[in-house]
Amino acid sequence: MRGRPFFLAAVEDRLSGPGEVARERISRLAGPDDRLLTATAGGFRCHFLVSESTRVAGFHEGSDIRVIVVGEVYPDPAGGEAEACLRAYERQGIGFLESLHGSFCLVVADDQLGTVRFATDPVNTRKIMFGEHEGAAWFSTSHGFRLHPCSGRPDPAGLAHCLVNGVPMNGRTPFDGVRVLDRASGHEVTKRGVTSRTYWDDRPVPSNARSLESIKLDLKDALFSAVERRLPSTGDVCVSLSGGYDSTVMLGALQGLAVPGVRCYTYEKPTETARSDVAVARQTAAVAGYPLTELHAYQDDVHRVIDENVRRGNGLTRLVVETDTWTSLRDLLRSD
């Protein structure tokens with residue numbers, strides 16, 4: 001867990017805040033490989049606990065702008081995501097968010113403007129949790145959530161969402177007073193709390209006189225471009241293949257782009273029917289001509305599944321049942 005990219009942030013009022021209380025608390029949470037970073041932004045003090053692998057930029061003497069990035073920005077920018085976001089912010093201001101593609105969450109603390117902003121990606125694949133505790137505003141990414149200070153009171157609705165739907169709904173978390181920040185938005189810390197502004201909206205627009213075929217071609221181009229942006233520069237491409245449209249479309253795009261070295265894997269549940277996901281995945285991989293590895297998803301032990309979710313990923317972003325595959329897939333990739 002310590003090696004996974006994360007940040008935990010405490011933002012407090014420099015005048016009425018609790019002084020060094022937040023810094024002392026966040027420093028006690030640091031592991032041997034974690035880093036504690038500090039910054040000022042106007043009337044705020046900011047303390048950041050980041051993992052060793054988290055990308056940062058601007059944390060040096062004389063810098064007025066600090067940036068932290070967790071996740072990936074596509075295509076991979078030369079010099080690193082954090083440095084590229086810092087330069088883009090210097091040129092365009094916070095409007096640079098509109099040009100980003102990827103799975104990310106980030107922080108921009110600007111001492112010149114006196115602003116502290118947290119940003120989420122267009123579909124919230126990387127979530128930021130927010131809550132106020134002991135006079136400070138606390139923010140954390142999913143892997144930092146286990147360190148997130150809170151009252152400890154459970155949110156019954158949030159727990160029910162996790163267990164029934166597999167994912168918390170309406171911005172809830174398992175804890176009372178801690179919520180998930182909205183997707184595709186910049187969230188600015190103010191004296192009154194956190195204000196959010198959406199930078200991207202996916203509402204469809206009327207096609208007017210456009211033909212169905214031209215719309216299909218545009219969709220194909222967009223899908224191919226999205227897949228191409230995410231291709232690694234070296235190594236094979238691994239696809240988690242189910243019976244759903246999303247993974248099937250990705251596989252079709254990889255085939256259309258003539259990408260070599262594509263490997264598929266799928267999760268086999270304890271009981272399988274002729275129309276199960278794994279049966280569809282098996283047929284799809286065969287049609288595309290790519291190899292498929294079938295992994296056991298779980299052994300039908302609900303208590304173990306919940307325990308594994310809590311231990312490995314806080315059970316927060318979504319509850320997954322394919323816990324046994326994580327170890328099998330890791331060993332499979334290591335063997336190559």
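Only a predicted model underlies this, so the values are computations on that prediction, with no experimental measurement involved.
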Residues [X], [Y]: salt bridge by 4.0 Å N-O rule:
X    : Y    : result
R172 : D155 : yes
D218 : R210 : yes
E83  : R87  : yes
R25  : E134 : yes
E294 : R282 : yes

V178 vs D176 side-chain heavy atoms within contact, under 4.5 Å:
no

Looking only at non-hydrogen atoms, find the nearest pair between P149 and H133 and report the distance.
CB-CD2, 3.6 Å

Flag if over 12 foreign heavy atoms under 6.0 Å of [atom1], [X]:
X    : atom1 : result
R229 : CZ    : yes
Q283 : CD    : no
H60  : NE2   : yes

State yes or no: are the ring centers of F7 and F48 separated by less than 6.0 Å?
no

Audit row: F224, L257, side-chain contact (heavy atoms from CB on, under 4.5 Å) steps and yes/no
CA-CA 7 Å; F224 275 44; L257 292 167; 3.7 Å; yes

Residues F175, M129; criterion side-chain contact (heavy atoms from CB on, under 4.5 Å); working and verdict:
CA-CA 11 Å; F175 294 97; M129 274 59 69; over 6 Å; no

State yes or no: do I68 and I128 share one hydrophobic cluster built from I, L, V, M, F, W and Y residues joined by side-chain heavy-atom distances below 4.5 Å, directly or via other members?
yes

Between the side chain of S140 and the main-chain N/O of L8, is any donor-acceptor distance below 3.5 Å?
no

Do the side-chain N and O atoms of [X] and [Y] include a donor-acceptor pair separated by under 3.5 angstrom?
X    : Y    : value
H187 : S196 : yes
S103 : R126 : yes
T54  : S51  : yes

Where do L223 and M250 land on the side-chain contact (heavy atoms from CB on, under 4.5 Å) test, with the steps shown first?
CA-CA 8 Å; L223 289 169; M250 280 196 300; over 6 Å; no

Drop me the distance from L217's CG to S211's OG, to the nearest 0.5 angstrom.
8.0 Å

Nearest 0.5 angstrom please: Y199 OH to T120 OG1, how far?
5.5 Å

Would you sort out whether I26 and W138 count as a side-chain contact (heavy atoms from CB on, under 4.5 Å), showing the intermediate values?
CA-CA 10 Å; I26 205 170; W138 292 85; 4.1 Å; yes

Salt bridge (charged side-chain N to carboxylate O under 4.0 Å, His left out) for K191 and D13? Distances and angles first, verdict last.
CA-CA 7 Å; K191 300 292 185 181; D13 191 316; 3.1 Å; yes

